[in-house]
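Worksheet: one structure, shown below.
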2 protein chains.
Amino acid sequence: MPTSLHQQAVDHLGSRIIDGSVLPGEVVLASELEDELGFSRSVIREAVRVLASAGLVVSTKRVGIKVQPAEHWNPFDPLVIRWRLASEGQGAQLRSLTELRVAVEPMAAELAAEHAPAEFCAELLNLAARMRHAGREGDLDSFLELDIRFHALVLAASGNEMFANLAHPIGETLRGRTELGLMPEHPHEEALAWHQGVADAISAHDPKRARESMELIMRRTVQEIYEVWAHKPRLFPRPVR
Amino acid sequence: MPTSLHQQAVDHLGSRIIDGSVLPGEVVLASELEDELGFSRSVIREAVRVLASAGLVVSTKRVGIKVQPAEHWNPFDPLVIRWRLASEGQGAQLRSLTELRVAVEPMAAELAAEHAPAEFCAELLNLAARMRHAGREGDLDSFLELDIRFHALVLAASGNEMFANLAHPIGETLRGRTELGLMPEHPHEEALAWHQGVADAISAHDPKRARESMELIMRRTVQEIYEVWAHKPRLFPRPVR
DNA sequence: GAGACTTCATGCCTGCACAGATTGGCGTCA
DNA sequence: TGACGCCAATCTGTGCAGGCATGAAGTCTC
């Protein structure tokens with residue numbers, strides 16, 4: 001309950017920026033935030049420094065704390081992802097993350113088939129079996145948690161720390177997807193077989209088959225979730241040099 | 001020249017953690033850092049907050065500032081990437097980023113072919129032509145900068161902000177690769193043709209061909225750089241739940 | 001229009017009170 | 001005697017209040 005004042009300050013300003021309550025280009029003063037939240041200068045300053053490191057604001061002398069345009073925000077920052085998933089930008093965030101999954105997870109499966117240690121293989125086989133069981137029982141809560149663990153484990157088994165680090169936001173997208181009611185009543189029998197196929201192929205050190213099975217899962221995932229963002233406009237910021 | 005004290009403090013502790021001068025599990029005290037750098041408490045505290053947000057440290061009462069194990073570091077944080085590229089972990093960082101490129105860039109090319117606005121297509125064609133010219137002249141410096149802009153533009157043209165945000169670290173990867181002497185004397189004629197092929201396919205809204213051309217580029221990239229990390233061990237942290 | 005001056009918000013410093021986690025001592029009980 | 005549990009001292013980050021220094025913007029003068 002008593003989350004630290006620092007966290008509160010970061011969350012207050014960060015979520016307001018990302019949900020559009022404070023627009024890019026606007027300037028807020030540290031003293032305003034002090035009054036608004038009733039916190040002291042040090043708390044506000046530390047929070048601003050953290051938000052600046054995520055690209056949300058820049059603070060300059062004589063002018064104040066200026067909100068940066070969205071293309072400066074670090075879309076891989078866990079806080080930014082969480083705030084976006086809780087705001088109007090949820091659709092665009094789900095699209096970005098899902099496209100990233102489609103690109104990364106087949107590659108992760110391929111690498112896992114080449115490099116995964118034995119205990120990862122055993123755990124993957126175990127999870128696949130339990131997913132099959134939970135899926136056939138119609139136990140969707142268990143299925144979701146197992147699904148999250150399965151994909152996180154494949155990412156970790158790739159031996160690529162950037163892939164492994166995507167497990168958290170990807171888990172949140174899976175949870176978000178069920179909250180939006182975008183999961184089928186019963187997991188498809190095919191999906192269960194594909195997960196089993198990924199686990200089998202990785203255990204058998206068969207990179208090609210591991211990739212192909214994961215690609216099938218990803219294709220189905222996109223089909224199921226596509227409507228959420230179908231109407232969301234894409235943004236094309238010019239790259240900075 | 002006078003980089004802020006805050007930046008200095010962040011960089012001091014951050015780079016020391018990532019190059020292994022301070023090992024995970026070690027605790028440092030804020031007062032030690034104050035004495036070591038000669039900065040005041042406020043500067044140190046703000047720096048620690050920023051490093052904590054990147055997952056490098058946690059600070060708890062009565063114990064101090066504890067360095068976190070590497071699997072807690074956010075590998076997508078720009079600071080973390082820069083420090084890793086400048087340290088012993090360079091090989092592993094190049095591997096991670098290159099594997100990420102291999103996964104993401106073909107997908108980005110495919111999406112760009114579906115969604116890229118006209119001015120992005122024009123700029124891509126322009127860059128491809130200039131790359132061809134610089135490559136045939138043997139002007140490697142120009143070629144490198146054009147190459148970086150080309151790949152950044154494809155990522156931006158995908159309309160996926162997470163992809164677009166990878167342009168910076170990927171650009172640093174390309175620069176690092178030339179610094180390590182891993183680029184051919186003259187860019188291969190094939191590579192020039194493939195870049196042209198990507199630009200053509202995106203302009204022609206041909207996702208399949210855009211992806212395939214980019215895959216060819218990526219395959220060659222891996223071949224050229226593979227030796228850097230061939231002997232580096234992979235890390236397999238157990239995913240946290 | 002170029003340069004000097006004023007203004008004002010952040011940058012940086014310091015002293016103080018508080019909170020919470022660790023440690024060690026103390027007493028109790030087996 | 002030794003193990004356990006409780007409690008207080010201690011240590012360190014957290015948060016507060018106020019001060020001076022700095023430098024970017026804007027203004028005024030020539």
Side-chain angles (χ1 to χ4, degrees), chain A residues 1-17 21-69 72-73 78-79 240, chain B residues 1-17 22-69 72-74 79:
Chain A
M1 129 219 71
T3 127
S4 73
L5 299 188
H6 172 73
Q7 278 181 305
Q8 289 181 50
V10 170
D11 200 70
H12 176 85
L13 184 52
S15 58
R16 252 155 229 267
I17 289 171
S21 306
V22 197
L23 295 174
E26 277 187 52
V27 174
V28 300
L29 272 44
S31 52
E32 291 174 13
L33 293 171
E34 292 170 31
D35 298 343
E36 202 172 322
L37 293 168
F39 298 162
S40 71
R41 248 193 298 180
S42 48
V43 173
I44 300 298
R45 289 175 48 83
E46 288 164 25
V48 168
R49 283 256 133 98
V50 168
L51 294 173
S53 80
L56 297 196
V57 299
V58 288
S59 114
T60 39
K61 279 184 163 145
R62 180 58 173 82
V63 35
I65 298 150
K66 186 191 275 180
V67 178
Q68 291 283 87
H72 283 78
W73 306 346
L79 292 172
V240 290
Chain B
M1 192 81 301
T3 133
S4 75
L5 298 187
H6 173 73
Q7 276 181 302
Q8 288 180 50
V10 170
D11 200 71
H12 177 85
L13 184 53
S15 58
R16 251 155 231 264
I17 289 172
V22 198
L23 294 174
E26 280 185 51
V27 298
V28 300
L29 303 182
S31 52
E32 291 174 13
L33 293 171
E34 292 169 30
D35 298 343
E36 202 173 320
L37 293 169
F39 299 160
S40 71
R41 278 207 310 278
S42 51
V43 172
I44 300 297
R45 289 177 43 174
E46 288 162 25
V48 168
R49 284 258 133 98
V50 168
L51 293 173
S53 80
L56 297 197
V57 299
V58 288
S59 93
T60 44
K61 286 183 163 138
R62 181 54 175 84
V63 35
I65 298 149
K66 186 191 274 181
V67 178
Q68 292 283 87
H72 284 79
W73 307 346
N74 181 358
L79 292 172

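Lettering follows sequence order; numbering is per chain, from 1. No experiment lies behind these values; they were computed from the predicted model shown.
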Open item on the list: Side chain of B:Leu5, heavy atoms from C-beta onward: which of D:dG15, C:dC12, D:dT14 has the nearest atom to it?
Closed with: C:dC12
Open item on the list: If I take atom CD in residue B:Glu32 and atom P in nucleotide D:dT12, what distance separates them, rounded to the nearest angstrom?
Closed with: 9 Å
Task: Interatomic distance where CZ belongs to B:Arg49 and P belongs to D:dG13 [whole Å] - done: 11 Å
Open item on the list: Rounding to an integer number of Å, can you tell me how far A:His6 NE2 sits from C:dA19 C1'?
Closed with: 17 Å
Open item on the list: I want to confirm an ordering. Mapping A:Val63 and A:Val43 to their closest nucleotides on DNA chain D, which one lands closer to the 5' end?
Closed with: A:Val43
Task: Phosphate OP1/OP2 of D:dG23: any A:Thr60 side-chain N/O under 4.0 Å - done: no
Task: Base C:dT7 paired with A:Arg62 side chain (donor-acceptor, <3.5 Å) - done: yes
- [ ] Go through B:His6 and B:Val50 one step at a time and tell me if the side-chain contact (heavy atoms from CB on, under 4.5 Å) criterion holds.
- [x] CA-CA 10 Å; B:His6 173 73; B:Val50 168; 3.8 Å; yes
- [ ] Determine whether any donor atom in the side chain of A:Arg41 lies under 3.5 Å from an acceptor atom in the base of D:dG15, or the reverse, and answer yes or no.
- [x] no
- [ ] For B:Gln68 and B:Trp73, indicate whether the former's side chain and the latter's backbone hold a donor-acceptor pair under 3.5 Å.
- [x] no
Task: Closest contact, heavy atoms only, B:Leu33 versus B:Val28 - done: CD1-CG2, 4.2 Å
Open item on the list: Without decimals, in angstroms, what is the distance between A:Ile65 CD1 and D:dA24 C1'?
Closed with: 16 Å
TODO: May I ask you to say what B:Ser42 touches in the nucleic acid, namely base, sugar-phosphate or nothing, with a heavy-atom cut-off under 4.0 Å?
DONE: base
TODO: Nearest whole angstrom, please: distance from the P of C:dC13 to the CD of B:Glu34.
DONE: 10 Å
Open item on the list: If you only use heavy atoms from C-beta on, which nucleotide in C:dC13, D:dT14, D:dT22 is closest to the side chain of B:Lys61?
Closed with: D:dT14
Open item on the list: From NZ of A:Lys66 over to C1' of C:dA9, roughly how many Å is that when rounded to an integer?
Closed with: 14 Å
- [ ] Figure out the CZ/C1' separation between B:Phe39 and C:dC13, and round it to whole Å.
- [x] 13 Å
- [ ] Give a yes or no on whether a donor-acceptor pair under 3.5 Å exists between the nucleobase atoms of D:dG15, that is its base, and the side chain of B:Arg45.
- [x] yes
- [ ] On DNA chain D, check which nucleotide each of A:Gly38 and B:Leu29 is closest to and give me the residue with the more 5' one.
- [x] B:Leu29
Open item on the list: Quick one, A:Pro69 and A:His72 - any side-chain contact, counting heavy atoms below 4.5 Å?
Closed with: yes
Open item on the list: Rounded to whole Å, how long is the line connecting atom CD of A:Gln7 with atom C1' of D:dG13?
Closed with: 14 Å
Task: For B:Val43 against B:Ala9, the heavy-atom pair lying closest together - done: CG1-CB, 4.1 Å
